[in-house]
Amino acid sequence: MPFTLATWNINSVRLREGLVARLLTEEQPDVLCLQETKSPVEKLPVEAFEALGYTHRVARGQKGYNGVMILSKLPLEEAGAEDYAGLGHARHVAAKLENGVTIHNFYVPAGGDVPDRAVNEKFGQKLDYLTDMRDWAHAARPEKSILVGDLNIAPREDDVWSHKQLLKVVSHTPIEVEHLAQTQEAGAWVDVTRQDIPEGQLYSWWSYRARDWDAADKGRRLDHIWATPDISNAAHSSRILRPVRGWDQPSDHAPVFATFDL
DNA sequence: ATGGCTGTCTCGGACAGA
């Protein structure tokens with residue numbers, strides 16, 4: 001049975017409960033992975049999602065920051081939650097579908113302003129988080145797995161509006177790109193979005209600060225869908241729903257979709 | 001002009017996002 005998966009940094013699920021419901025109604029993904037829910041688990045809005053058929057979920061949360069949730073129309077069982085780099089943050093949760101596919105939902109630390117761990121602790125935490133993800137993938141040798149989320153790195157030159165102007169900007173620095181590549185290699189993860197859309201500029205995030213984000217189009221591809229090689233060939237129909245960035249009181253991220261024939 | 005804004009927690013403004 002084919003299933004459609006989406007990942008979206010919602011930037012407060014309580015504030016944007018209505019936008020989530022709209023996406024679920026209009027696009028009907030089987031599984032939706034959210035990041036930056038910014039809510040303790042017990043305060044997550046779930047009733048509206050249940051009414052739309054999304055009766056299964058796993059979540060981790062904390063007050064004010066971070067937070068991840070997987071909403072699903074398909075039954076799923078919890079498959080763990082890691083606290084990489086020992087930050088005490090709710091940045092990962094995993095779930096296993098009845099078809100045996102495990103879904104990992106990540107919110108990688110943003111990393112602060114200065115791309116130098118000697119003067120910016122947050123940048124060091126971001127690199128350490130990616131290193132722990134790499135070591136986990138290397139040890140676990142994941143199979144039949146999908147890794148999604150806001151990885152907060154735009155790895156390719158055509159994943160940003162200006163490669164040259166962003167080389168020293170956190171999210172596109174060579175050291176971050178190298179750390180992400182090592183994480184990807186350790187799990188043999190296939191970048192599903194780029195498998196489907198190999199050429200051209202592709203963004204999933206546009207800053208709130210631009211006067212006209214659509215016209216300026218200074219975006220970055222920070223949100224990703226990866227799959228292990230045993231199921232990557234089943235993936236197709238990848239897409240980024242740019243119009244969602246233009247909805248009323250939007251998140252600064254657009255949702256990323258893929259369908260798997262499994 | 002890569003911060004010009006936005007959200008949380010809490011009721012003014014620090015902190016975080018990226």
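Sequence lines set the chain letters: A, B, ... in the order given, protein chains first and strands last, and positions in each chain run from 1.
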Next on the checklist: With a cut-off of less than 4.0 Å, is there a side-chain N or O of A:Ser12 near OP1 or OP2 of B:dT8?
Outcome noted: yes
Checklist entry - Are the charged groups of A:Arg22 and A:Glu17 less than 4.0 angstrom apart, N to O? => result no
Next on the checklist: Whole angstroms only, please: what is the NZ-P distance between A:Lys218 and B:dG17?
Outcome noted: 23 Å
Next on the checklist: Just to be sure I understand the geometry, which residues of residues 84-94 of chain A put a non-hydrogen atom under 4.0 Å away from DNA chain B?
Outcome noted: A:Arg91
Next on the checklist: Considering every strand and a 4.0 Å limit on heavy-atom distances, what is the contact class for A:Trp213: base, sugar-phosphate, or nothing?
Outcome noted: nothing
Checklist entry - Salt bridge between A:Asp191 and A:Arg221, side-chain N to carboxylate O under 4.0 Å? => result yes
Checklist entry - With respect to A:Gln35, which candidate in A:Asn66, A:Asn11, A:Asn105, A:Asn9 satisfies the side chain to side chain donor-acceptor pair (under 3.5 Å) definition? => result A:Asn105
Checklist entry - Do A:Glu176 and A:Asn152 come within less than 4.5 Å of each other through their side chains, counting heavy atoms only? => result no
Checklist entry - Are A:Trp136 and A:His104 near enough that their ring centres are under 6.0 Å apart? => result yes
Checklist entry - Can you check whether A:Tyr107 has a side-chain N or O nearer than 4.0 Å to OP1 or OP2 of B:dA18? => result yes
Next on the checklist: Of the options B:dA18, B:dA16, B:dC9, whose atoms approach the side-chain atoms of A:Trp205 most closely?
Outcome noted: B:dA18
Next on the checklist: Could you tell me how far B:dA16 sits from B:dA1 if I compare only their P atoms? Round to whole Å.
Outcome noted: 29 Å
Checklist entry - Out of B:dA16, B:dA18, B:dT2, which has the shortest distance to the side chain of A:Trp161? => result B:dT2
Item to check | Atom-to-atom span, CG of A:Asn11 to C1' of B:dA18 - whole angstrom | outcome: 12 Å
Checklist entry - How close or far is atom P of B:dA1 from atom CH2 of A:Trp206, stated in whole angstroms? => result 23 Å
Item to check | Between C1' of B:dT6 and CG of A:Asn9, the distance in whole Å | outcome: 12 Å
Next on the checklist: Just to be sure I understand the rule, does A:Gln165 reach a base, reach only the sugar-phosphate, or reach nothing, if contact means heavy atoms closer than 4.0 Å?
Outcome noted: nothing
Checklist entry - What is the distance from CG of A:Leu166 to C1' of B:dA18, rounded to the nearest Å? => result 10 Å
Item to check | Position toward the 5' end of DNA chain B (nearest nucleotide), A:Lys126 or A:Gly64 | outcome: A:Gly64
Next on the checklist: Does A:Asp150 reach a base, just sugar-phosphate, or nothing at all? Heavy atoms under 4.0 Å.
Outcome noted: sugar-phosphate
Item to check | Nearest-Å distance once atom P is located in both B:dT6 and B:dA18 | outcome: 15 Å
Checklist entry - Within less than 4.0 Å of OP1 or OP2 of B:dT8, is there a side-chain N or O belonging to A:Gln62? => result no
Item to check | Donor-acceptor pair under 3.5 Å, A:Arg220 side chain vs B:dT2 base | outcome: yes
Checklist entry - Could a donor-acceptor pair under 3.5 angstrom be found where the side chain of A:Asp252 meets the base of B:dA18? => result no
Checklist entry - Given a cutoff of under 4.5 Å between side-chain heavy atoms of I, L, V, M, F, W and Y, with clusters grown through shared members, what are the other residues clustered with A:Tyr208? => result none
Item to check | Other ILVMFWY residues reachable from A:Tyr65 by side-chain steps of under 4.5 Å | outcome: none
Checklist entry - When clusters are formed by joining ILVMFWY residues with side-chain heavy atoms under 4.5 Å apart, either directly or through shared neighbours, do A:Val93 and A:Leu87 land in the same one? => result no
Checklist entry - Taking CG from A:Leu15 and P from B:dA16, how many angstroms apart are they, rounded to a whole number? => result 20 Å
Next on the checklist: How many whole angstroms separate atom NZ of A:Lys63 from atom C1' of B:dA16?
Outcome noted: 16 Å
Checklist outcome for this item: Assert: residue with more 5' nearest nucleotide on DNA chain B, out of A:Pro40 and A:Tyr208, is A:Tyr208
Next on the checklist: Suppose we call a contact any N or O donor and acceptor under 3.5 Å apart; does that hold for the side chain of A:Arg209 and the base of B:dG17?
Outcome noted: yes
Next on the checklist: Between P on B:dA16 and NE2 on A:His253, what's the gap in Å once rounded to a whole number?
Outcome noted: 17 Å
